[in-house]
2 protein chains.
Amino acid sequence: MNTPTSPSFRPLYDQIKILITQSLIAGEWRPGDAIPSEIDLAGRFKVSQGTVRKAIDELAAENILIRRQGKGTFVASHSQERSSTRFLRIARDDGITEYPSSRLLSVTRERAPEHTARLLDLRTGASIFCIKRLLSFEGVPRIFDEIHVPASTFKGLDEAMIRNFPGSLYSFFETHFGIAMIRAEEHIKAVPAGAAESELLQVVPQSPLLRVDRVAFTYGDRPVEWRRGLCHTERFSYVTEMS
Amino acid sequence: MNTPTSPSFRPLYDQIKILITQSLIAGEWRPGDAIPSEIDLAGRFKVSQGTVRKAIDELAAENILIRRQGKGTFVASHSQERSSTRFLRIARDDGITEYPSSRLLSVTRERAPEHTARLLDLRTGASIFCIKRLLSFEGVPRIFDEIHVPASTFKGLDEAMIRNFPGSLYSFFETHFGIAMIRAEEHIKAVPAGAAESELLQVVPQSPLLRVDRVAFTYGDRPVEWRRGLCHTERFSYVTEMS
DNA sequence: TATGTTATATCTTATATAAGTTATATGTTA
DNA sequence: TAACATATAACTTATATAAGATATAACATA
């Protein structure tokens, strides 16, 4: 029951949000797809168009759906040009937008240590993939990434697949595994460059690097990626906004 | 004119947003105040309650207004407990929330160099105040801040005023000068500690620090503060979220 | 203290119009 | 006839209004 006074009360539009999210989790509509029109959804969920509208409004505000007047409402995708850089916050100090090129270093299968398992909501020792890569701007290496994902969620992932894929990593995850990243939390520190990093990023050992730890989530706030990026911030900055 | 087909067309709710913002700029309602009820505003602006509602919804989403069911809608304030830490993104790694203590180092009047003037939308050489302070967690110094504000906007600011004020700096700006910070942009780098910083933050020279450059804005997107924070991130991280 | 009243924001539905997009039908022209 | 342009229709989201029920909070009153 969901009477207005019951303790588990949720407004209708919030319940619709959950129902839409469940369809996204189930893969009924995949990234890039159009979802049914507001009127269709209103009929399906037996509520008014205005209530569906409010639910979609909130999902659009969370960048999970994208509204396009006259065309319809679409499932947000990292394959779209507009959001290809949504999760990349490193930018040139001079303001010029430049897309980094990626060099894949390795893809290995490993057992999740306790720390990683906790972040990804797995059992310690669960099978994970570890992807290492180097991002370069203008040919200059700037970011060394170590990316960890559960093997169970990304069955069959291998180096060749990534290498042959033209787009971003998150776009790759979407098209090959149907996993859409919708949110991420980052913890940032300043750390001295170790031996491996200083070699890869071509900096002297011990020089300051930005260490960006990220946990990324898919629909239903399920963590599906944990990565550590080491970033050489000469002429580049991590840019963020708050309000 | 603002007919639907005119080039300068803005939807009604957007015009209402601007009118409300103008009242905030004019100081008609100050931080912490309740603004008139939706019905009152609808009467004042000669639109329906729903249109006022949509305008307020957006301003609330931008953290400029705060809605409280049953009580009214209030101008967001840094003096409120809930938002006192809204712009402080440095947090303990163990997740425990701890508020830093501040030690004021100096307040000086200076002439804005070209870089600072550009960020604050001033003429080079305009008079500014420079506030230096040290933030400590558990008595351990972690953040060295250099804060620059236009003297014209903060007339009469002096060291004693800040020293005697109990709350946060942004709360101080609100209560003494009516300036509410509503948005900030930050650029973050990893840099080696210089002589002065290493002394203040009790770290060995050249050790990595987080350098956080911030420009903060008040109503109407007017820049009113530029600061540089140098942060020792041992056992602390800069935390952020994206979607 | 308990109860009721009032004022507020919140939720839901309904209706109408505006505006952007796309496909199709209808011409018009070469 | 074929190719192209234009008008129209049908669909979408966006905007605006109205009205009623509900939740929350503050206050007055018994």
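Reminder, nothing fancy here: chain letters follow the sequence lines and each chain counts from 1. These figures come from a predicted structure and were not determined experimentally.
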Interatomic distance, [X] [atom1] vs [N] [atom2] [rounded to whole Å]:
X: A:L12; N: D:dA23; atom1: CG; atom2: C1'; result: 15 Å
X: A:Q49; N: D:dA14; atom1: CD; atom2: P; result: 10 Å
X: B:I39; N: D:dA19; atom1: CD1; atom2: P; result: 12 Å
X: A:D40; N: D:dA10; atom1: CG; atom2: C1'; result: 14 Å
X: B:L41; N: C:dT8; atom1: CG; atom2: P; result: 11 Å
X: B:I56; N: C:dT8; atom1: CD1; atom2: C1'; result: 11 Å
X: B:L65; N: C:dA9; atom1: CG; atom2: C1'; result: 13 Å
X: A:K46; N: C:dA14; atom1: NZ; atom2: C1'; result: 18 Å

Given [options], which nucleotide is nearest the side-chain atoms of [X]?
X: B:S37; options: C:dT13, C:dA9, D:dT13; value: C:dA9
X: B:P11; options: D:dT17, D:dT15, C:dC11; value: D:dT15
X: A:K54; options: D:dT17, C:dC11, C:dT12; value: C:dC11

Legend entry - Watson-Crick or G-U wobble mate for C:dA30, both contacts under 3.5 Å: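 The answer is D:dT1, by the H-bond criterion.
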Legend entry - Pairing nucleotide - C:dG20, Watson-Crick or G-U, each distance under 3.5 Å: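 Pairing partner: D:dC11.
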Inset, instruction - Please work out whether the ring planes of A:H176 and A:F165 are parallel, tilted or perpendicular, with thresholds of 30° and 60°. - result: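 Perpendicular, since the angle between the ring planes exceeds 60°.
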Within less than 4.0 Å of OP1 or OP2 of [N], is there a side-chain N or O belonging to [X]?
X: A:T51; N: C:dC11; value: no
X: A:R53; N: D:dT13; value: no
X: A:Y13; N: C:dC11; value: yes
X: A:T73; N: D:dT13; value: yes

Legend entry - Modelled atom types, side-chain donor and acceptor of B:R103 and B:S136, under 3.5 Å: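 The criterion, which ignores hydrogens and geometry beyond distance, is not satisfied for B:S136 and B:R103.
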Inset, instruction - Check whether any side-chain heavy atom of A:M161 lies under 4.5 Å from a side-chain heavy atom of A:F172, and answer yes or no. - result: yes
Legend entry - Side-chain heavy atoms of B:F154 within contact of B:I179, under 4.5 Å: yes
Inset, instruction - Output the distance between atom OG1 (A:T116) and atom CZ (A:R227), rounded to the nearest 0.5 Å. - result: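 Rounded to the nearest 0.5 Å, the OG1-CZ separation comes to 14.0 Å.
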Inset, instruction - First locate atom CD of A:E138, then atom CZ of A:R235, and finally report the distance between them rounded to the nearest 0.5 Å. - result: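 Taking CD in A:E138 and CZ in A:R235, the distance rounds to 5.5 Å.
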Inset, instruction - Identify the heavy atoms of A:A180 and A:P31 that sit nearest to each other, and give their distance. - result: CB-CG, 3.9 Å
Please tabulate, one pair per line, each protein N/O and nucleotide N/O from nucleotides 20-24 of chain C that are separated by under 3.5 Å, including the distance.
unit_1: C:dG20; atom_1: N2; unit_2: A:G70; atom_2: O; d: 3.0
unit_1: C:dT22; atom_1: OP1; unit_2: A:K71; atom_2: NZ; d: 3.2

